[in-house]
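This structure is a prediction, so every number in the text was calculated from the model and none was measured. So you know, we letter chains A, B, ... as the sequences are listed, proteins then strands, and number each from 1.
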Amino acid sequence: MKNYDHRKIESKIQKEWEKKKIYQAKDPSTDSGQAKGKKFYSLIEFPYPSGDGLHVGHIRSNTAMDIISRKRRMEGYNVLYPIGWDAFGLPTENYAIKTGKKPAIVTKKNTDTFRKQLKELGFSFDWSREVNTTDPKYYKWTQWIFLQFFKKGLAYKAKSYINWCPKDKIGLANEEAINDICDRCGSKTEKREKEQWMLAITKYADRLDKDLDLVDYPERVKTQQRNWIGKSKGVIIKFDDIEIFTTRPETIFGATFIAVSGDKNKFTGKYVLNPATKEKIPVWQAEYVMKEVGTGAIMAVPAHDERDFEFAKKYNLPIKNVIEPVFIDEPRADLPFVHRNAIHAILKHWSEEKYLVLFWKKVNWVTFVTGGIEAEENPLQAAIREIQEETGYVNLKLKKELPRSHSKFYHIPKKENRFAHFSNFYFQLENGEQKELSEEEKENHELKWISPDEIEKTMKIGGSLRDWRVLQGKEEVYIGDGILTNSQEFSDMASNEAKEKIMEFVGGKIVTKFKLRDWIFSRQRYWGEPIPLVNCEKCGLVPVKDKDLPVKLPEVKSYKPTDTGESPLANISKWVNTKCPKCGGKAKRETDTMPNWAGSSWYYLRYTDPKNNKEFASMKNLKYWLGDACLPRSELCSATGVDWYNGGMEHTTLHLLYSRFWHKFLYDLKLVPTAEPYKKRTSHGMILGEGGVKMSKSVGNVVNPDDIVKIYGADTLRIYEMFMGPFEESVAWSTESIIGSRRFIEKVWRIYQKILASSNFSSLRPSSDYRGGTLGKLKIEKSSNFISLQKLLNKTIKKVSEDIENMRFNTAISSMMILATEMEKADSVSTEDFKKFLQILAPFAPHIAEHIWFSLGEKKSIHLSNWPEWDENLVKEQEIKIAVQINGKVRTEIMIQMDEKEEDVKKKALINQIVLRYTAGKNPQKIIYVKNRVINILI
RNA sequence: GCCCAGGUGGCGGAAUUGGUAGACGCGAUAGACUCAAAAUCUAUUGAUGGCAACAUCAUGAGAGUUCGAUUCUCUCCCUGGGCACCA
């Protein structure tokens, strides 16, 4: 028997693929007539070619999209699955600074390594479209796009802060200045003001938010993006000399919830009077200045930085990092927090109104309990509707999270139309007292009813029962929705409405604010795209002419940023001094470079037309690969863009947002045909080291994929990485477990050997008996004929087909393992059946599948064969086993016919021996039958 | 701190989205084959009690809804990702 030799097979097959170019996508422009029919564009985030070589995490993502791409090819699609390098950036530059080696040469070496490693894993990339962000032919277009931003006024200069190490005299990345400590020398860093290039992404904030409705991203990704954009409606209130933005203008006792907007730690240029000392107090902006303000509470508010402490010292204030809640009766000057200046402003204002007090009737925590809702209306809605009818309050909203407190509800008996206040432990008597429920009362849900009037009184007091207890005698905040009472002209208003009215009353203006800030787009670094602008003494900032692009990175002696904080390019006077493209006069080049995000914001566009030197990509190719032109926010748009984009969860905010922004900008210039770049986005979980810690060089737990490929083979590694856990979650690496995947591959090999050895391996002899296994929860009954193997095969084809679409690769492999085990046990397996198995295995283990496929006489690659179909009749079971529960506990099982009549199933269950033992002659009170699943007998 | 995920045997994980918790794999134990080993195959493998049939308890903790909860709701705890110059 020939042994499975992965080394021979894999390298032979890889050469074969390369020779026949079977993975090259066909373009409409260059292969006219060939690119007909369905197309599919699948994309992975192009890797950063670090010196460490390929990471096992890359393989996880690449294999997943490889499986999907291969399946699509077998389904007849013209598939584009491209690859490239995101190669500008800090790690290579730092390596260059350390070793003096040219970044371009380091990058070349690293990409060579990565390319070799990726090829050894058998990914079906179209290598003819490889791109590299550091290639002048590529970054020519990155620069060109930047100039379009500049020409449209979306790239501008503004002052901003950088991390500055005063000892090294160098600007630092955030990663190099964690906790304001310089990564290189350990000294304390400072913030230094610097003119920076900015991109006005905020101009697109609204569309970046809204258009998420058009794309197929997981909800969690959309939520993250939306949170990042941070669209929120709020109120700006102007006091004498301070402007306050509040996103949560919920009124509470005595005042409002206030937060001051803006960047952290910035002097606003404004002052307020200290009412005690009459001194002018500077107002610093902080992210959260006040949590709560009222007659009562000033809650924990952190001081933000040293200036706060300095300020506190100056005014002789207690210094604490976090302030405990302080309760006050009237405005005081000695509040233990520096940002109290804003509080003063408010209190001053409010004091004129003698602390306008806004009470809320609390009616939102309502659950219906007692009997008899006939309609399909859910209990919560019913309860709210009833309250609305009874009280006339129309603004009550159904909140999903209601009831907020599980132990306390208002019950509305349908007929009596009265309220009661109840919990599992306490209930409230008509006189307002609370009393603990007896066991019996809990059991029977016996309630005492109190009148709506009483309820109104209790409702003034906020919160849950626990709060109610705490708050007795004290008036404290309640921050839910409700109706205002005793609130002067705001009485009887719903809280939402009242918010707006109160804000108007205090001089506020309702605005929509975005958390999103404009994008700081320049870096004082060497290894990035030079910003293609020149500064002319006469004409000011002038873009480099298109024909002179790219502005190439010049050679430098040192890659280190200069000690003035400028990029190393500033040192090359020969390069810096140039002529103005407009007037020809003296001019200096811009020496800042672009951030790494630039090149990765549009690379998926270049893949569609990577060799084009007239434009970044032709509209013809773009339309073909992304979809045809569509109107903004139309139905059509939602079906366009890269068909499937998988990447890391660490990119769900920044990279995705940046590239969506660039894409929308290009769309507005009519340079791309779709409003959104990616139709569907998924993200893979990280691979952690053994034991669940992050893989890192310093821990020494980094796994080198080369070693695994050498020992076990690429097919085994691919299977293992897909089998190790749910694709979208983080999983710990386990070298010990790889053997299981290898055993599976070897099992496939043994079945193949058996088929070769069998004299008439194409015969359809019955397979032997096998024990029932389960395939997910699809039942496989014991059977002694060949039909059962047929059934299993069809079920497996179905399961694998569906699991791939849902990226549930682990369960797909699990089902193929079951099939392989049964095939090996069978006396004989028909070649036809085995080939079908090979076809569904092929996306996962492309080498061995291809090798055996050819050995069985096929001439065309398995990866271009037709994806097998399954026979729905064979997948369906006629006889199934269901669980029999007695009082909710599983006691036995019975066999029934698929879709058997309910009556018959009940009869069958009731005459079952074990059931009889439990029922002991008594008639069951109730029988619940869930079709084809479970029967529950209540006695 | 804010936003987003996740928490199930010794380990990685399944569970038809409210219906038999632990599929599949790793590891472990015993057996078959073998001179022996490897490989392979067979059996067992959540915990406790019991010779056994079986019973009870178990999906981070606590509660709620339900005939029935890993799944839905609430509170709390823990781990991971992001927070704008790592990519």
Side-chain angles (χ1 to χ4, degrees), chain A residues 45 47-48 50 86 88-91 162-163 171-177 196 201 219-221 223-224 226-228 230 287-288 302 367 379 400-407 409 424 464 515-520 522-525 595-597 600 648-655 657-658 683 685-686 688 691-692 694 720 723-726 728-734 736-741 743-744 746-747 750 773-778 810-811 813-818 821 824-825 881-885 887-893 925-928 930 932-938:
Chain A
E45 285 166 352
Y48 184 90
S50 77
D86 183 18
F88 274 131
L90 215 54
I162 58 166
N163 298 307
L172 298 171
N174 283 350
E175 201 189 41
E176 298 171 306
Q196 301 270 38
I201 190 172
E219 270 318 304
R220 59 170 193 280
V221 173
T223 315
Q224 278 285 56
R226 288 209 153 103
N227 177 55
W228 188 260
E287 244 173 349
Y288 302 99
T367 296
K400 209 186 160 194
E401 66 265 26
L402 295 179
R404 202 156 164 186
S405 159
H406 48 80
S407 60
F409 309 107
N424 243 7
S464 62
K515 240 194 285 182
L516 190 69
R517 302 200 296 264
D518 275 348
W519 178 4
I520 302 172
S522 49
R523 304 286 184 267
Q524 292 70 50
R525 295 277 177 180
N596 211 216
W597 304 108
S600 62
M649 351 188 231
E650 67 274 21
H651 291 135
T652 45
T653 46
L654 287 182
H655 161 65
L657 204 62
Y658 289 152
S683 15
M686 277 186 20
L688 304 168
K694 209 171 170 172
Y720 170 66
F723 184 63
M724 66 194 296
E728 310 209 42
E729 281 169 37
S730 301
V731 203
W733 180 268
S734 165
E736 199 182 57
S737 299
I738 299 173
I739 188 70
S741 301
R743 282 178 193 152
F744 168 58
E746 284 176 0
K747 190 169 279 186
R750 286 198 302 272
T774 55
L775 181 59
K777 289 219 168 169
L778 299 167
N810 51 340
T811 50
I813 292 168
S814 150
S815 66
M816 286 191 284
M817 283 173 168
I818 293 169
T821 303
E824 194 186 16
K825 272 188 214 157
K881 200 159 57 175
I882 64 161
V884 181
Q885 296 182 334
N887 289 337
K889 280 190 177 170
V890 179
R891 295 299 177 185
T892 186
E893 295 163 336
Q925 288 183 5
K926 201 176 172 187
I927 300 175
I928 296 155
V930 183
N932 299 331
R933 296 261 183 264
V934 71
I935 181 162
N936 189 4
I937 300 163
L938 303 177

Hey, what are the protein-to-nucleotides 46-48 of chain B N/O distances that come in under 3.5 Å?
none

Query raised in the report: Is the base of B:U20 touched by the side chain of A:Arg933 through a donor-acceptor pair closer than 3.5 angstrom?
Result: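 There is none.
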Query raised in the report: Do A:Asn936 and B:C67 share a donor-acceptor pair, side chain to base, under 3.5 Å?
Result: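 Flag set: donor-acceptor pair detected.
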Query raised in the report: Under 30°, 30 to 60°, or over 60°: which ring-plane class applies to A:Tyr658 and A:Trp519, parallel, tilted or perpendicular?
Result: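 Because their plane-to-plane angle is under 30°, the rings of A:Tyr658 and A:Trp519 count as parallel.
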Report task. Check the angle between the aromatic planes of A:Tyr720 and A:Trp733 and answer parallel, tilted or perpendicular using the 30° and 60° thresholds. Result ->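 It falls in the perpendicular class, over 60°.
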Pairwise [atom1] distance for [N] and [M], with rounding to whole Å:
| N | M | atom1 | value |
| --- | --- | --- | --- |
| B:U8 | B:A15 | C1' | 10 Å |
| B:G27 | B:C77 | C1' | 31 Å |
| B:C76 | B:C86 | C1' | 35 Å |
| B:G25 | B:A63 | C1' | 37 Å |
| B:A47 | B:A36 | P | 33 Å |
| B:G46 | B:C35 | C1' | 41 Å |
| B:U59 | B:G7 | P | 13 Å |
| B:A84 | B:G68 | C1' | 48 Å |

Query raised in the report: If we only count heavy atoms from C-beta on, is the A:Gln524 to A:Gln196 side-chain gap below 4.5 Å?
Result: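 The answer is yes, as the side chains (C-beta and beyond) meet within the 4.5 Å cut-off.
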Query raised in the report: Can you find a heavy atom in the side chain of A:Trp228 that is under 4.5 Å from one in the side chain of A:Lys515?
Result: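 No; the side chains remain at least 4.5 Å from each other.
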Query raised in the report: What are the two closest non-hydrogen atoms of A:Leu938 and A:Asn887, and how far apart are they?
Result: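 Nearest pair, atom of A:Leu938 first, then A:Asn887: CA-OD1, 3.3 Å.
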Query - Considering all heavy atoms, the nearest A:Met724-A:Ala732 contact - result: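 Nearest pair, atom of A:Met724 first, then A:Ala732: CE-O, 3.6 Å.
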Query raised in the report: Partner of B:G62 by Watson-Crick or G-U wobble geometry, both contacts under 3.5 Å, or none?
Result: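 In the structure as shown, B:G62 has B:C74 as its Watson-Crick or wobble partner.
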Query raised in the report: With both distances under 3.5 angstrom, what nucleotide forms a Watson-Crick or G-U wobble pair with B:G80?
Result: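 Partner of B:G80: B:C4.
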Query raised in the report: For A:Pro47, which contact category applies under a 4.0 Å heavy-atom criterion: base, sugar-phosphate, or nothing?
Result: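 If one applies the 4.0 Å heavy-atom cut-off, A:Pro47 turns out to touch nothing in the nucleic acid.
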Requested in this report: Answer yes when A:Arg525 and A:Glu176 have at least one side-chain N-carboxylate O distance shorter than 4.0 Å, and no when they do not.
Outcome: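 Judged by the 4.0 Å cut-off on N to carboxylate O distance, A:Arg525 and A:Glu176 do form a salt bridge.
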Closest listed nucleotide, where the reference is the side chain of [X] and the choices are [options]:
| X | options | answer |
| --- | --- | --- |
| A:Ala883 | B:U20, B:C86, B:A15 | B:U20 |
| A:Arg743 | B:A84, B:U40, B:C24 | B:U40 |
| A:Gln885 | B:G19, B:C86, B:G82 | B:G19 |

